[in-house]
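No experiment lies behind these values; they were computed from the predicted model shown. Quick note: numbers below take in every heavy atom, side chains included, and nothing from hydrogens, waters or symmetry partners. If you read the sequence from its start, that first residue is 1, and numbering goes on from there.
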Amino acid sequence: MTKEQRIAISRVISDMIKADNIIEETEILNMKRLMSDYSLTHQDMEAARNIKFSDAIPVLRELPLKERKEFVKRIYGIAQSDNVCVPREALLLIALKCCLLDDEKKDGNGKPVPKPYLVSCATGEATLNDQYMVYIESSYDKEMNEQLERNFRLIVTLSRLSGFNFIYIPKMVQEFQNMRKEYVLDVISYMAPNLGSKFIRGVYDRLCNMTTVEFFRSVLYERLQVQTPHNITPSLLINIGTSVVPYCSAAGPVQYYTEFLCLPITTDILSLVEAVLGYYQSRVSVRQTITYGNANAQFKYFGFYKALFDFLIAPPPVAPNLVFLGQNMKTGKHQVAFVFDDEFEKVIELTPKEYETYLAIASKSYGKKPGLPIGIDRGIKSVVSHIKNKITSGVPDLTFADQYKPERCGNSYIIRLDKSKVFVRQRDLNNLDEHINIPITEL
């Protein structure tokens with residue numbers, strides 16, 4: 001077993017022990033047995049504090065299936081140490097089951113279907129802490145939305161009986177549309193008194209016109225930087241809790257990450273919801289139910305509703321366009337520009353190899369099979385590392401910097417920046433003295 005795997009095991013053990021906010025003596029005894037059986041050192045446990053739960057699971061996926069089954073069984077033993085499995089523990093068990101144990105499925109043509117995965121986003125301690133599941137899509141799926149419309153009431157009822165809030169953006173939007181406009185505007189003005197009337201009307205318009213696709217792109221992908229693929233299949237996003245990194249560290253500020261289990265919908269959504277809730281109910285010992293009043297007369301300001309509202313009234317992030325400039329004929333250097341709204345450009349210089357690699361990764365990030373395959377080019381890891389370092393040092397105040405940096409996704413490298421913000425500068429054929437920025441998806 002590798003050191004990386006030992007650290008990942010340590011992280012999962014730590015999360016499960018702390019999940020109910022009570023550390024039982026039996027849990028400590030179980031932990032010691034697991035440390036002995038997996039040869040975990042105190043250094044492994046310390047290193048585990050600096051990774052997230054969602055970082056640990058892909059590492060454990062590399063273990064043989066038999067070892068994964070045994071590990072999940074023993075983690076369930078920790079959850080049952082006090083004879084009670086609380087919701088947070090049950091959510092972690094769902095994530096382990098879906099990501100480590102479920103068989104790989106194939107579609108009608110024998111091709112592998114998307115697998116469940118974990119993602120996270122940096123948030124405040126109390127942000128997005130509601131127990132909910134939300135339907136997401138990166139482009140409109142007519143069939144899936146028709147399924148949701150047919151089964152919405154049943155799905156909501158089943159979810160609430162298990163203590164979940166099921167979120168379907170079009171239904172949430174209908175709630176705001178059915179409220180008296182002046183009432184909603186007054187609430188927004190009250191909650192954000194520093195905003196002007198024009199901005200307040202803009203927030204109202206977004207609340208009443210938001211689509212699932214806009215929620216995915218504007219809120220999840222761009223604002224929260226949830227690290228899902230740019231183009232995803234219709235999926236169920238389940239909040240499984242918060243990771244704290246680093247644990248008990250005096251070296252720097254504590255960072256909170258909200259973590260999600262992303263379940264691609266490979267059959268029908270009702271069957272998926274029933275399967276998730278069925279497994280949850282088979283594990284959890286303590287449940288809560290969710291009850292709401294008249295939705296058409298209440299502006300909800302809690303849980304998911306509060307988080308969405310807070311994101312809409314927050315100042316929009318200043319995320320520049322990424323423009324590949326090519327070779328500067330005067331200096332011979334290859335350049336990439338970060339172009340802000342006021343047309344200010346921050347330029348970094350790359351070697352020909354770095355530029356070629358960065359452009360290739362960006363060009364390949366938005367296709368049906370996104371990413372530049374690693375192939376036999378084992379030196380690409382070093383090149384990517386140099387690119388990331390130059391972005392960090394060249395644009396230190398870059399908003400959402402991670403979206404601009406190449407990252408490994410499976411056996412490929414991608415960037416997660418929205419395709420609408422990536423361009424290649426070329427000479428204008430109609431005016432050779434001028435240059436134009438061409439969207440990278442049009443090349």
Check your understanding: Which is it for Tyr404 and Phe338 under the ring pair (Phe, Tyr, Trp, His ring centres under 6.0 Å) test, yes or no, and what are the steps along the way?
Key -> CA-CA 10 Å; Tyr404 295 80; Phe338 298 82; 5.6 Å; yes
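- Environment of NZ in Lys364: sparse, with no more than 12 heavy atoms of neighbouring residues, nucleotides or ligands closer than 6.0 Å.
- Counting heavy atoms of neighbouring residues, nucleotides and ligands inside a 6.0 Å radius, atom CG of Asp205 exceeds 12 of them.
- The local environment of CD in Glu354 is crowded, with over 12 non-hydrogen atoms from other residues, nucleotides or ligands closer than 6.0 Å.
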Exercise for review: Please lay out, stage by stage, how Ser54 and Glu259 fare under the test side-chain hydrogen bond (donor to acceptor under 3.5 Å, both in side chains).
Suggested key: CA-CA 7 Å; Ser54 54; Glu259 303 209 270; 2.4 Å; yes
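- For Ser36 (side chain) and Leu34 (main-chain N/O), no donor-acceptor pair under 3.5 Å exists by modelled atom type.
- Of the possible donor and acceptor atoms, none in the side chain of Ser189 sits under 3.5 Å from a partner among the backbone N and O of Leu185.
- In this structure a side-chain-to-backbone donor-acceptor pair under 3.5 Å is present from Ser138 to Ile232.
- Between Phe152 and Tyr168, the ring planes are tilted. Angles from 30° to 60° get that label.
- There is no side-chain donor-acceptor pair under 3.5 Å between Ser10 and Asp44.
- Between Val203 and Leu312 the shortest heavy-atom distance is CG2-O, 3.7 Å.
- Scanning all heavy atoms of the two residues, the minimum distance from Tyr280 to Ser162 falls at CE2-O, 3.3 Å.
- The CD1 atom of Ile28 lies 5.0 Å from the CD1 atom of Ile17; values are rounded to the nearest 0.5 Å.
- Of the possible polar contacts, one joining the Arg68 side chain to the Leu63 backbone as a donor-acceptor pair under 3.5 Å is found.
- The backbone N or O of Ile240 sits less than 3.5 Å from a side-chain atom of Arg88, completing a donor-acceptor pair.
- Between the side chain of Ser285 and the backbone N or O of Cys85, at least one donor-acceptor pair lies under 3.5 Å.
- The residue from Ile415, Val384, Leu372 that alone fulfils the side chain to side chain contact (heavy atoms under 4.5 Å, CB included) condition with Tyr358 is Ile415.
- Within the 3.5 Å criterion, the main-chain N or O of Cys99 finds a donor-acceptor partner in the side chain of Arg61.
- The backbone N or O of Thr2 sits less than 3.5 Å from a side-chain atom of Gln5, completing a donor-acceptor pair.
- Among residue pairs with one or both ends in residues 149-158, those qualifying as side chain to side chain donor-acceptor pair (under 3.5 Å) are Glu149-Lys171; sequence neighbours excluded.
- Under a 4.0 Å N-O distance rule, the pair Lys421/Asp418 does not qualify as a salt bridge.
- Both tests do not hold together for Lys346 against Phe340: distance to the six-membered ring centre under 6.0 Å, angle to the ring axis within 45°.
- For the atom pair CE (Met133) and CD1 (Ile155), the distance works out to 9.5 Å, reported to the nearest 0.5 Å.
- Around atom CD of Glu46, no more than 12 heavy atoms belonging to other residues, nucleotides or ligands sit under 6.0 Å away.
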Output a table of donor-acceptor pairs, distance under 3.5 Å, between side-chain atoms of residues 69-80 and any protein atom two or more places apart or on a different chain; print 'none' if there are none.
from	atom 1	to	atom 2	distance (Å)
Arg74	NH1	Asp37	OD2	2.7
Arg74	NH2	Asp37	OD2	2.8

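- In plain terms, the two heavy atoms of Ile169 and Phe215 that are nearest each other are CD1-CG, 3.9 Å.
- Met31 contributes atom CE, which lies 11.0 Å from atom CZ of Arg33 (distance to the nearest 0.5 angstrom).
- Distance check, rounded to the nearest 0.5 Å: CD of Glu27 to NZ of Lys18 gives 11.5 Å.
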**Study point:** Test log, rule ring pair (Phe, Tyr, Trp, His ring centres under 6.0 Å), inputs Phe176 and Tyr204
**Key:** CA-CA 9 Å; Phe176 292 111; Tyr204 174 81; 8.5 Å; no
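- Partners of Glu146 according to the salt bridge (charged side-chain N to carboxylate O under 4.0 Å, His left out) rule, which considers only residues two or more places apart in sequence or in another chain, are Lys142.
- Residue Ala95 comes nearest to Leu261 through the heavy atom pair CA-CD2, 4.1 Å, listed as atom of the first residue, atom of the second, then distance.
- Here the CD1-CE distance, from Ile9 to Met45, works out to 11.0 Å after rounding to the nearest 0.5 Å.
- When atom types are taken as modelled, the side chain of Gln131 and the backbone of Phe164 share no donor-acceptor pair closer than 3.5 angstrom.
- A salt bridge links Asp15 to Arg11: one of the charged nitrogens lies within less than 4.0 Å of a carboxylate oxygen.
- No option in Asp268, Ile269, Leu263 other than Ile269 meets the side chain to side chain contact (heavy atoms under 4.5 Å, CB included) test with Ile265.
- Side chain to side chain, Ser365 and Lys419 fail the donor-acceptor criterion of an N or O pair below 3.5 Å.
- What you find for Val323 and Val339 is that their closest heavy atoms are CG2-CG2, 3.6 Å.
- In this structure, a donor-acceptor pair under 3.5 Å is present between the side chains of Tyr135 and Glu137.
- Closest approach of Lys115 to Tyr117, counting heavy atoms only: O-CD2, 3.3 Å.
- With Asp55 contributing its side chain and Ile51 its backbone, the two residues share no donor-acceptor pair below 3.5 Å.
- Using a cut-off of 4.0 Å between Lys/Arg side-chain N and Asp/Glu carboxylate O, Glu214 and Arg206 are scored as salt-bridged.
- Side-chain contact between Asn389 and Ser393: absent, with no pair of heavy atoms (C-beta onward) separated by less than 4.5 Å.
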